[in-house]
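If you read the sequence from its start, that first residue is 1, and numbering goes on from there.
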Amino acid sequence: MRAPERKEGLWGLLEALLDPKAPSSLRLRGLRLYAGFLLVLQGGVLLLLAWVVPRASHPLLWALALGGALSLLFQAEASWRREGEEPLTPLRVVGLGGALFFFLGVMGLLLWPGGFLLFLLGALGFLYLWYRSERALLARK
């Protein structure tokens, strides 16, 4: 009986990401594909929202933005501590990083021009969680 063959292309990379027995190089490329897709999609939506989101400067919006960002970071940290669903943890953490980027991007648009710092903070948080997910994926060889 022969082993099932892997699909080539983008779908093959995404399937390898979901398969814990797949080679780590394929899983890593699948994670990069997923993270890049999230970044491009959410960045495009933020560009479209920049035309319609009104500017609102209120001190409580800063507190909401920072509180929401901390909440998303704590959820990502809690995902690393869960034991049962290990193969999908890097996916979940990159998804939470995408949510962090989008949330802080929208809050940055509301609080523009000072909110540009929130946009940068969201991008850095996304990159940090992406990097950490890649390291965790490579550590599970």
Of all heavy-atom pairs linking A65 and F103, the shortest is O-CE2, 3.5 Å
I need the minimum non-hydrogen distance between G125 and L100, along with the two atoms involved.
CA-CD2, 3.6 Å
Distance (rounded to the nearest 0.5 Å) between R32 CZ and E134 CD
4.5 Å
Counting C-beta onward and ignoring hydrogens, is there a side-chain heavy-atom pair between L104 and F126 closer than 4.5 Å?
no
Gap between atom CG of L96 and atom CG of L73 - 0.5 Å precision
9.0 Å
More than 12 non-hydrogen atoms from neighbouring residues, nucleotides or ligands closer than 6.0 Å to CZ on R132, yes or no?
yes
Would you say V52 and L111 are hydrophobically clustered, going by side-chain heavy atoms of ILVMFWY under 4.5 Å?
yes
What one should report as the nearest heavy-atom pair of L46 and G105 is CD2-C, 3.7 Å
Between OG on residue S71 and CD on residue Q75, distance to nearest 0.5 Å:
4.5 Å
Let me confirm one number: the CG-CG distance from L26 to L31, rounded to the nearest 0.5 Å.
12.5 Å
Beyond-backbone contact of L49 with V45, side-chain heavy atoms, under 4.5 angstrom
yes
Residues in side-chain contact (heavy atoms from CB on, under 4.5 Å) with L38, at least two apart?
Y34, Q42, V94
When clusters are formed by joining ILVMFWY residues with side-chain heavy atoms under 4.5 Å apart, either directly or through shared neighbours, do Y131 and L72 land in the same one?
no
For the student: nearest non-hydrogen atoms of R92 and S79, plus distance
CD-OG, 3.2 Å
Only one of L121, L66, L61 passes side-chain contact (heavy atoms from CB on, under 4.5 Å) with M107; say which it is.
L61
Does one hydrophobic cluster hold both L39 and L41, with members joined at side-chain heavy-atom distances below 4.5 Å?
no
Quick check: is L70 connected to L117 through a chain of hydrophobic side chains (ILVMFWY, heavy atoms under 4.5 Å apart)?
no
Answer with yes or no whether the hydrophobic clustering places Y128 together with W80; edges join I, L, V, M, F, W, Y residues whose side-chain heavy atoms lie under 4.5 Å apart.
yes
Quick one: CG on L124 to CG on L120, what's the gap to the nearest 0.5 Å?
6.5 Å
Does the gap between the ring centers of F119 and F101 come in under 6.0 Å?
yes
Taking all non-hydrogen atoms of both residues into account, name the closest pair between P90 and S133 and its distance.
O-OG, 3.5 Å
